[in-house]
Each structure stands twice: as structure tokens, then as C-alpha cells.
Amino acid sequence: MTLKEIEAADFNLALTLDSGQVFHWEPSGTGYAGMIADRAVYVEQRSEHLLVSGGAGIAVRKYLALDHPLREICAGFPDDPALNAARDYCRGLRIIRQPLWECLATFITSSMKQVAHIRQISRALRERFGASATVYGSHVYAFPSAARLAGANQKQLRDCALGYRAKNLLLTARLVSSGEAALEGWRQLPDGELRARLCELPGVGPKVANCVMLFAYERLRAFPIDVWIERVLKEKYFGRKRKITPQKLRDFCDNYFGEHGGYAQQYLFHHARRTMARKRNAKPTRQVPVSQ
DNA sequence: ATACAGGCTCGCC
DNA sequence: GGCGAGCCTGTA
């Protein structure tokens, strides 16, 4: 398998693939192996370039949103201490373009779950229902189609550790595979209508809808509010003590962060997750024993 | 061990 | 039409 070089300025692959927007890329050698839709891909970073497995260059460039004018997007953020710190910390992080169904299904399974577990669920669904392929020495699996999951039963999904989410995923898979929920057709809807349609799907509320809008529909204004970002916003923009209603918070996010609010959200989110998580692990439990 | 996670839904008021 | 409890399961 030959690797081909493509240009990737203002980009950080590791940061992008491990910032909580996508959950299936596995470390492989000095890079990552995974799937872009039905194509098995290996990709690794060499400073301002990416090395990509045969023929996948164009697909990778689109998937990783290397065409986003990242410098301008970041320069357009509001000028405040929280965002300035996050922008500095997350240099090169891009909001990627995921396949619609895969992204929707994954975020339906994400509710009340930590990243590690979302990854496990994604892998279980892929291994059990997805087509497999080999790339650059790694075995990878495609995310199963809506039709494939619609044909499964609830127990099979529960066996993938979905719990109560199994029912929602199954119902939504049926709506999508029957065409009643025309995910591709919804691309042309304005933000508000798209969000309303998504929220009609079982297991999809405002948070999941905004994630799908941001990570799959390229709505860079969409601003998902989860417990992490809520913590950050209250602390950095409202002061811990002050009480604020969810609606006020929502209005603030939609107005303050502007047309690339989703990018701002992702930067604030990832910065907070990394720095707060580190505090929690300040006393490492897995010390490497010193051999005599 | 036992809270508690990157929410949604339904039932209750 | 707002509020709170319940839902499954792995991780910390």
C-alpha cells in the first residue's frame, strides 16, 4: 500500500480526531486507521502534510474539512480571555464533515455516556453489523447503514451495550431507511427547520440535533450545550454564583459567538475537557513501577 | 463499592 | 408548559 502526501496547513490531526466529535479512529503505527463512509483509510501527520493511504486524498481532504479557512474563523471569534486561551490550546482543530447517518446514529448512542464508552458502542456496532476492510495492516469496519440496523432487533442492539438507547436507535434507523426521514434531502433546509426535523427523531433532542448539525450538516453556527460547556460558560461568562436559566444560556450562545459559534464551542469544550480532566488525574493511579 | 456520566422522554403538577 | 424522575451500563 502506498501513501500519498497531501497538504494540510493549520491542521492538527490528533487533536481533531480526539476532540469528541468522532469516535472510531484507532491509533495505528504512527497514524490512525478508520473509515470515511465505506472507504478504509490510513492517515498520519508529518508537520504541514498528511500521508494518506492510496487514492483517498480527496475524500480525506473533504472529511477533515481542510478547506475551512481556519485562520479567519479563529480570528473572527469574540475577543475574550476564555476563547483566547482555548484558541491557543486548540490550534489546528477542525470541525470535520461526517456522513449524516453515521453521525446521527452515533450521537443517539452518546446520551449520558463518557467518550470511552461511546467509542466502545461505536466499535461494537461496527464489528457486529458493519462491513470490514483492511488498510495499511489495520482491520477496520464501516458504520452499518440505517437499513442494516433497521433489520436488527432490540436485543442485538442491547448486546452492543446500548441500554435504553437501543430502542431509539432502532426506531430512528427505521425512519431513515424507509425514507420517511430524508437526511440527505434535509441538507437544503435552513437551520431552524433542520433542527426541528432532527428533534422529531426518537432519541434526538436539542443537544444531539446541534451535534449532528455541526459535525455532519456543516452548520458551523450550531452550538451544542452539554454539561461541560455549560460549566465553562457559567464560570467564564456569568460567574459561578449567578443563576441563569437554560433559555438565557441558549440565547447568549446564539448571539455572542456568531456565525462560527460551533467552532468556538468545540474549542471551549475541548480546552475545558483536557484541562479539567488533568486536574482530576493530578494524582496518577497508574505509576510505572521502576524496575530494579 | 457506588456515584455518575458529553440527554431524552414521559408523567406529573 | 415547566419540573423531576427514570432509563442502561461502564468507568472513575
Side-chain angles (χ1 to χ4, degrees), chain A residues 15-25 86 90 93 95-96 98 102-125 127-128 152-173 175 181 195-216 222-235 243-251 253 261-287:
Chain A
L15 197 54
T16 298
L17 294 185
D18 191 30
S19 60
Q21 51 178 325
V22 63
F23 303 93
H24 77 278
W25 290 89
C90 299
L93 169 53
I95 304 284
I96 69 175
Q98 299 183 47
E102 173 179 327
C103 183
L104 170 63
T106 301
F107 278 95
I108 285 176
T109 69
S110 76
S111 96
M112 290 297 292
K113 286 292 174 197
Q114 301 175 20
V115 170
H117 197 195
I118 301 170
R119 296 183 70 93
Q120 283 182 26
I121 293 174
S122 172
R123 188 182 311 132
L125 288 171
E127 285 182 2
R128 177 139 187 182
N153 59 47
Q154 237 185 87
K155 186 192 178 302
Q156 290 176 303
L157 295 184
R158 278 180 180 262
D159 288 344
C160 297
L162 266 74
Y164 64 88
R165 302 160 194 81
K167 186 180 174 188
N168 293 330
L169 183 59
L170 188 54
L171 290 172
T172 296
L175 290 171
R195 186 177 294 108
R197 291 295 176 82
L198 288 168
C199 284
E200 288 172 4
L201 299 171
V204 180
K207 193 273 179 182
V208 170
N210 278 317
C211 284
V212 177
M213 288 175 67
L214 181 59
F215 302 135
F223 197 107
I225 299 179
D226 55 45
V227 296
W228 283 93
I229 208 72
E230 193 174 325
R231 260 177 239 159
V232 175
L233 293 174
K234 284 183 175 169
E235 183 176 327
K243 280 215 167 183
I244 172 123
T245 64
Q247 188 54 51
K248 289 262 184 195
L249 205 56
R250 173 42 64 203
D251 291 342
C253 293
Y263 258 101
Q265 182 272 356
Q266 191 66 11
Y267 278 44
L268 288 172
F269 170 79
H270 188 69
H271 179 54
R273 241 188 102 232
R274 282 296 172 84
T275 53
M276 291 181 184
R278 212 169 276 163
K279 274 178 207 161
R280 204 179 286 170
N281 293 342
K283 201 169 64 174
T285 51
R286 45 187 186 122
Q287 286 276 21

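Order of the sequence lines fixes the chain letters, A, B, ..., with proteins taken first and strands second; residue numbering starts at 1 for each chain.
Legend: residues meeting side chain to side chain contact (heavy atoms under 4.5 Å, CB included) with A:Val115, ordered by chain and number and at least two apart, are A:Phe23, A:Arg119, A:Arg273. Partners of A:Glu200 according to the salt bridge (charged side-chain N to carboxylate O under 4.0 Å, His left out) rule, which considers only residues two or more places apart in sequence or in another chain, do not exist here. When the side chain to side chain contact (heavy atoms under 4.5 Å, CB included) test is applied to A:Leu170, the partners found at least two apart in sequence or on another chain are A:Gln154, A:Leu157, A:Arg174. Legend: residues meeting side chain to side chain contact (heavy atoms under 4.5 Å, CB included) with A:Thr16, ordered by chain and number and at least two apart, are A:Phe11, A:Gln21, A:Leu93, A:Arg94, A:Ile96. Residues that satisfy the side chain to side chain contact (heavy atoms under 4.5 Å, CB included) test with A:Thr172, not counting sequence neighbours, are A:Trp101, A:Leu104, A:Ile108, A:Val176, A:Leu201, A:Pro202. Taking A:Asp159 as the reference, A:Arg128, A:Lys155 meet the salt bridge (charged side-chain N to carboxylate O under 4.0 Å, His left out) condition, with sequence neighbours excluded. In terms of the salt bridge (charged side-chain N to carboxylate O under 4.0 Å, His left out) criterion, A:Arg158 has no residue partners (sequence neighbours excluded). By the salt bridge (charged side-chain N to carboxylate O under 4.0 Å, His left out) test, A:Asp226 is found to be paired with no residue, residues two or more places apart in sequence or in another chain being considered. Checked against ring pair (Phe, Tyr, Trp, His ring centres under 6.0 Å), A:His271 has the following partners two or more places apart in sequence or in another chain: A:Tyr89.
Distance, A:Asn210 CG to B:dG6 P: 18 Å, rounded to whole Å. Atom CG of A:Leu104 and atom P of B:dG7 are 16 Å apart (whole Å). When rounded to the nearest whole Å, the span between NE2 of A:His270 and C1' of B:dG6 equals 13 Å. Whole-Å rounding puts the A:Arg273 CZ to B:dA5 P distance at 14 Å. Between the CZ atom of A:Arg274 and the C1' atom of B:dG6 there is a distance of 14 Å, rounded to whole Å. For the pair A:Lys207 NZ and B:dT9 P, the computed distance is 14 Å after rounding to whole Å. The distance between atom CZ of A:Phe269 and atom C1' of B:dA5, rounded to the nearest whole Å, is 12 Å. Distance A:Leu198 CG to B:dC8 C1': 15 Å, rounded to the nearest Å.
Among all heavy-atom pairs drawn from A:Phe223 and A:Gly261, the shortest one is CD1-O, 3.3 Å.
Remark: the separation of the C1' atoms in B:dT9 and C:dG10 is 23 Å, to the nearest Å. Annotation: C:dC8 and B:dA1 have their P atoms spaced 23 Å apart (nearest Å). For the C1' atoms, the distance from C:dA5 to B:dC4 is 15 Å, rounded to whole Å.
Residue contacts for A:Pro224: at a heavy-atom cut-off of 4.0 Å it reaches no nucleic acid atom on any strand shown. Residue-level contact check: A:Leu201 touches the backbone only, with heavy atoms under 4.0 Å from sugar-phosphate atoms and none from bases. Residue A:Val115 is classed as a base contact, given a heavy-atom separation below 4.0 Å to a base. At the heavy-atom level, A:Gly205 lies under 4.0 Å from the strands shown only through sugar-phosphate atoms.
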Short N/O separations, protein against nucleotides 7-10 of chain C, under 3.5 angstrom:
from, atom 1, to, atom 2, distance (Å)
C:dC8, OP1, A:Arg158, NH2, 3.2
C:dC8, O4', A:Tyr164, N, 3.3
C:dC8, O2, A:Arg165, NH1, 3.0
C:dC8, O2, A:Arg165, NH2, 3.4
C:dT9, O2, A:Lys113, NZ, 2.8
C:dG10, O3', A:Gln120, NE2, 3.4

Atom pairs under 3.5 Å, N or O on each side, protein against nucleotides 4-6 of chain C: can you list them with distances?
none

Exercise for the section: Given side-chain contact (heavy atoms from CB on, under 4.5 Å), test A:Leu233 with A:Cys253 step by step and report yes or no. Expected result: CA-CA 9 Å; A:Leu233 293 174; A:Cys253 293; 3.4 Å; yes
Practice task
Dot-bracket for DNA chain B, please, read 5' to 3', with Watson-Crick or G-U wobble pairs under 3.5 Å on both distances, ( ) within the strand, [ ] crossing, | other strand, . unpaired.
Solution key: .||||.|||||||
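Along DNA chain B, the nucleotide nearest A:Glu200 and the nucleotide nearest A:Phe215 are compared for position; the residue whose nucleotide lies closer to the 5' end is A:Phe215. Both A:Ile118 and A:Asn168 lie close to DNA chain B; mapped to their nearest nucleotides by heavy-atom distance, the more 5′-ward contact belongs to A:Ile118.
A:Glu235 and A:Arg231 are not joined by a salt bridge, as no carboxylate oxygen comes within less than 4.0 angstrom of a charged side-chain nitrogen.
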